[in-house]
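Presented below is the structure to which this report refers.
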Amino acid sequence: MEIKTTKMKGWGFVAAILVLCLATMGSIVLGYTEVRLHHLYEVLFHFEHFKESNTHIIILEARIPRALIAICVGASLAIAGVLMQALTRNPLASPSIFGINAGASLFIVAVVIYIPSISLQGMTWVSFAGAAAASLIVYTIGGLGREGLTPLRLTLAGAAIAALFSSLTQGLLVLNEKALDEVLFWLAGSVQGRGLQYLYPVLPYFIGAWAGSLLISRHINILIMGEDIAQSLGGRIAVIKAIAGILIVGLAGGAVAVAGPIVFIGIVVPHFARAIAGQDHRWVIPYSGVLGAVLLLLADISARFIIMPEEVPVGVMTAIIGTPFFVYLARKGWKES
Amino acid sequence: MSKNKVFRTKNDRFSFMFDQKSIFNIVFMTCVLLVLFLVSASIGESFIHPLQVMKTLFGHGEPGDQLIIETLRMPRLLVALFAGAGLAISGAILQGMIKNPLASPDIIGITGGAGVTVVLFLALFSNDNHSLIVSVQWMPLAAFLGAVALGFIVYFLSYKNGISPIRLILIGIGLSTLTQALTTMFMMLGPIHRAAQANLWLTGSVNGASWTDVQLIAPVIILLFLLTLVSFRKVNAQTLGGELALSIGAHLQRDRILMLILCTGLAGTTVAFAGGIGFVGLMAPHMARRLVGSSYGALIPLSALIGAILVMGADLLGRTAFSPHEVPAGVFTATIGAPYFIYLLYKSKNRS
C-alpha cells in the first residue's frame, strides 16, 4: 500500500489530517457525559451565551484540553520513535522499550516526593533530565566496545535499563505511600484530568522539536543508508546524531512530563508511516506525527468505554493495542547483523 | 577424570558422579549462606549477638530474643531463602532450556504474568472494608496460574519452526510491558490501600512474611527443587541443542514442556510470596556456572544457594542501609542485576 508519487503523498497527508480532525471531534463528543456536535459548535463560536451549561463546561475544561494533549503527546512519541528507529536502525526502537520513558518517570516520581513544591515548568525540565540520562546510558552502552552492540542486543540493554529504572521508581513509591496515590494514574500513562496548564510549559519544546525533526529529515535519509555511505556522501554523522538525540530527549521527555509513560506508540506508528510513505523521512516524519496523534486519540476514546463509567489509563490501552503488533514484528524477524 | 567420585548402589541401579570441585563449592556456599543467615537474624532494629541467636535457635534464648527472632525475623529469612532459591533454579532451567544465557523468568515476563493475576486476585476478592473475602492462601495459586499461562503464551508465540532464543526474549519483553500495563489497571480498580500493598509486593519484598507463608512456600519449592534434580539430565540434554539432544534419545518437545512447567512453577510460587524480585534468576545461574561449569547436576543446587544468598543479602541491605526506612529487596537486586545483564550482553557477543 506504499504511495509512490509525491503528489499522492501530499493527498494522502491531507487525508490523514482529515482523519485526525474526525478523531479529535470524536474525542470531544464521545464519553460518559453525552455531548452533541452542536454543543461543540456553540462552545467554539458562541460560548458567551452558554456559560451556565454543564455540557459546555465539560467540553471546554475537560474534553478539549484532553484531545489537545493526546494530539501533542501522540505526535511527539511517534516522531521520537521514527528518529530512534532511524538512528539505531532497529525496528523495535522506541522510547518505552529503550527505557527513556522509565528514566523520565523515575526522575519525576523522585521530584514529586522530595520537592513537592516544584513548578510545572521545573517538572518539564526534570523530565527532560531523566529522559536524557536514560538515553545517554543506552547510547553509551550501544557505542561501547569496538563495534558497539547489534540492534537486538541494544534492545535487550534498553529493556534492562527500563527494568532498573522502574524498579527504582517502585522502590521510591514503597517508601512514600502517600505519593503513590498521586502518581499511580499518571504512571500508567494518561491524558485524562490534565488541564492545559500541563501542556503549556512543554508546548514550545514540542513545537521546536517537531520543526527540528522536519528540518533534519533530509539528513536522516542519508543516515539510514548506513554510516559508511552517509560519510562518503558528506553527511556530518556525529552532528546529525547529536541533534536527533536532543530531539528525541525533548519529544519523549516532554511527552512523559505531560502524560506519563505511554507505551508502544513510538514503535507501532513509524511502521505504519513507512508502509505508507516509504523510506523518505521527509514524509515519514509528518505522517508519523499525524498518525501518532490519531492513534493516541483513538486509544483514549476506547479507554473511556472499557470499564464505563470508570476509565482505563490510555497507557493500558496502547499496551493492549501495541503488544500484538510488537509480537508480530518480533516474529517476522530480521537478520541479527 | 580422577577428580570425580562415583557412588553406586549395589545392583548398579543408581549411580551418581560427583565432581570434587562442585562438592567443595556447594559446601562453601552453604557455609556462606549459614553465616549470612546468622548475621541477618542478629542485625535489625535491635541487635542480638550471633551467639545469642544460635542459643535462641536451639531453644535456650531469652524470651525477648525468642520473640524477635522466631516471630519476626525467621519467617522473613526463610521466605527470602526459598524465594532466592526458587528464582535461581527457575532461571537455571530456563537458560538451559532455550540455550540462552540472557534468559530469566523476569525478563521474559513470567514474573509479570504472576503479577497480573495476583493484583487481579487482590482487586476481585477485596470487599468494601478492604479485607480479603477468601483466604490469602489462594494467592500463590493465582500467581502460579499467571506465571504458567504467561510462560506458555510466550513460548507458543515465539514458536516458528522451533524456538529462537532471541525471539523468545523479545516477545517476552513485549508481553511483560503488557503485563505491567494490566497490573497498573487492576491496581487502580482496587482500593488505594490495596494498591500500596500491591506496589510493595511488585517491587519484590519479603517484608511482613509470616510462618504461614513459610509453610506454603517451603514445601512447594522443595518439591519442585527435587523434581528438577531428578530431571537434570534432561536439562543437560536440552543444552546440547535440538538435533544432538534428539540423537541421544531425549524427548525434546515433551521435556521442554515439563521444564517449562517446572520453571514457571518455581517462578510463580516465588512471585506469590516475595513479589517481583528481579534479576536473581539471571545472575545466580551465571555465577554458579562460573564456579562449576554447565553440568546441571551441580549447577542447580549451587544456583539455588547463590540465589538464596543474593535475596537474603539484598533484604539485609534493604532493612539496614536506610534505616528506619525499609527498601524492598527487589530494588537492590535490580541495581546489581541490570549492569550485570549489560555486561553479559557484551560477553556473549564477543563469544559468538
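All chains are named by letter (A, B, ...) in the order of the sequence lines, taking the proteins before the strands, and each is independently numbered beginning at 1.
- Taking each heavy atom of B/Glu326 and A/Leu175 in turn, the nearest pair found is O-CD2, 3.0 Å.
- For the pair A/Thr323 and B/Thr177, the minimum side-chain heavy-atom distance is 4.5 Å or more.
- Residue A/Ala157 comes nearest to B/Phe341 through the heavy atom pair N-CE2, 4.4 Å, listed as atom of the first residue, atom of the second, then distance.
- Among the candidates A/Ser167, A/Ala319, A/Pro324, the residue making the largest number of heavy-atom pairs closer than 4.5 Å to chain B is A/Ser167.
- Between B/Leu182 and A/Ile320 the shortest side-chain heavy-atom distance falls below 4.5 Å.
- In terms of heavy-atom proximity, A/Arg331 sits nearest to B/Arg167 at CA-CD, 3.9 Å.
- Contacts of A/Ile97 with chain B are made by side-chain atoms alone, with heavy-atom separations under 4.5 Å and no backbone atom involved.
- Interface summary for chain A: among B/Gly337, B/Ala181, B/Gly278, B/Gly318, the most heavy-atom pairs under 4.5 angstrom belong to B/Ala181.
- Rounding to the nearest 0.5 Å gives a distance of 5.5 Å between CG of B/Leu170 and CZ of A/Phe326.
- Contact annotation for A/Phe264: only side-chain heavy atoms (C-beta onward) come within less than 4.5 Å of a heavy atom of chain B.
- With a 4.5 Å cut-off on non-hydrogen atoms, B/Ile169 touches chain A through its side chain but not through its backbone.
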Q. When you look at B/Val331 and A/Gln170, which way does the side-chain contact (heavy atoms from CB on, under 4.5 Å) test go after all the steps?
A. CA-CA 8 Å; B/Val331 173; A/Gln170 280 171 344; over 6 Å; no
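- Only the side chain of B/Phe279 has a heavy atom closer than 4.5 Å to any heavy atom of chain A.
- The line from CG of A/Leu164 to CD1 of B/Ile336 is 11.0 Å long, rounded to the nearest 0.5 Å.
- A distance of 10.0 Å separates CG of A/Leu329 from CD1 of B/Ile171, quoted to the nearest 0.5 Å.
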